[in-house]
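Working notes, structure below.
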Amino acid sequence: MRGIDHPLPAGSYQVITDEEMIEGLSFASYRRVATMIIVPADSSHGSRMEMFSIGSVDLADAQRIDASTPDD
C-alpha cells in the first residue's frame with residue numbers, strides 16, 4: 001500500500017475516516033477529508049502501533065485484492 005514502507009502481516013486493521021459536514025445543503029451530507037490505518041509498528045519493542053494516512057482508492061484496491069485471494 002502506498003505510504004507504508006514495510007509489508008503488513010495478514011490480519012484485521014483499524015481504519016479511521018475523518019469526515020466534515022458540507023455546509024449550506026438542505027440535507028446532511030459529509031465529505032471524507034482523510035483516511036488512516038493503524039498498523040503494528042515495525043519494531044521489536046512490544047506492541048507499539050503506528051498510524052498512516054492512506055488514500056481511499058488505495059484502501060479499496062487492497063480490500064478488492066484481499067477479497068479475491070483464496071483462503072488457505
Side-chain angles (χ1 to χ4, degrees):
M1 188 173 293
R2 281 187 282 188
I4 302 176
D5 61 356
H6 59 277
L8 299 177
S12 297
Y13 294 92
Q14 182 178 4
V15 174
I16 300 168
T17 55
D18 188 15
E19 299 175 326
E20 66 183 11
M21 181 177 266
I22 300 172
E23 299 291 334
L25 300 176
S26 60
F27 54 92
S29 184
Y30 296 86
R31 109 176 98 231
R32 182 177 306 163
V33 294
T35 304
M36 287 87 52
I37 187 169
I38 298 176
V39 301
D42 191 18
S43 78
S44 59
H45 300 310
S47 60
R48 295 182 49 195
M49 305 298 275
E50 295 178 293
M51 182 183 297
F52 291 96
S53 179
I54 58 172
S56 58
V57 173
D58 292 335
L59 176 60
D61 288 346
Q63 289 172 321
R64 179 183 43 78
I65 292 166
D66 186 56
S68 67
T69 304
D71 292 334
D72 289 340

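This is a predicted model, so every value here is computed, not measured. Along the sequence shown, residues carry numbers from 1.
Separation of atoms CD1 (Ile4) and CD1 (Ile54) is listed at 6.5 Å; rounding is to 0.5 Å. Summarising the geometry, atom CZ belonging to Arg32 is positioned 10.5 Å from atom CG belonging to Asp18; distances are rounded to the nearest 0.5 Å. Atom CD1 of residue Ile37 and atom CG of residue Leu59 lie 6.5 Å apart, to the nearest 0.5 angstrom. Put simply, CZ on Phe27 and CD1 on Ile22 are 8.0 Å apart, with the number rounded to the nearest 0.5 Å. Taking OG of Ser68 as the start and CD of Gln63 as the end, the distance is 12.0 Å to the nearest 0.5 Å. For the atom pair Ser53 OG and Arg2 CZ, the distance stands at 11.5 Å (nearest 0.5 Å).
Criterion: ILVMFWY side-chain heavy atoms under 4.5 Å apart, direct or through other members. Under it, Leu8 and Phe52 are part of a common hydrophobic cluster. Cluster membership check: Val15 shares its hydrophobic cluster with Val39, using side-chain heavy-atom separations under 4.5 Å among Ile, Leu, Val, Met, Phe, Trp and Tyr.
Residues Met21 and Ala28 come closest through the heavy atom pair CE-CB, 4.2 Å.
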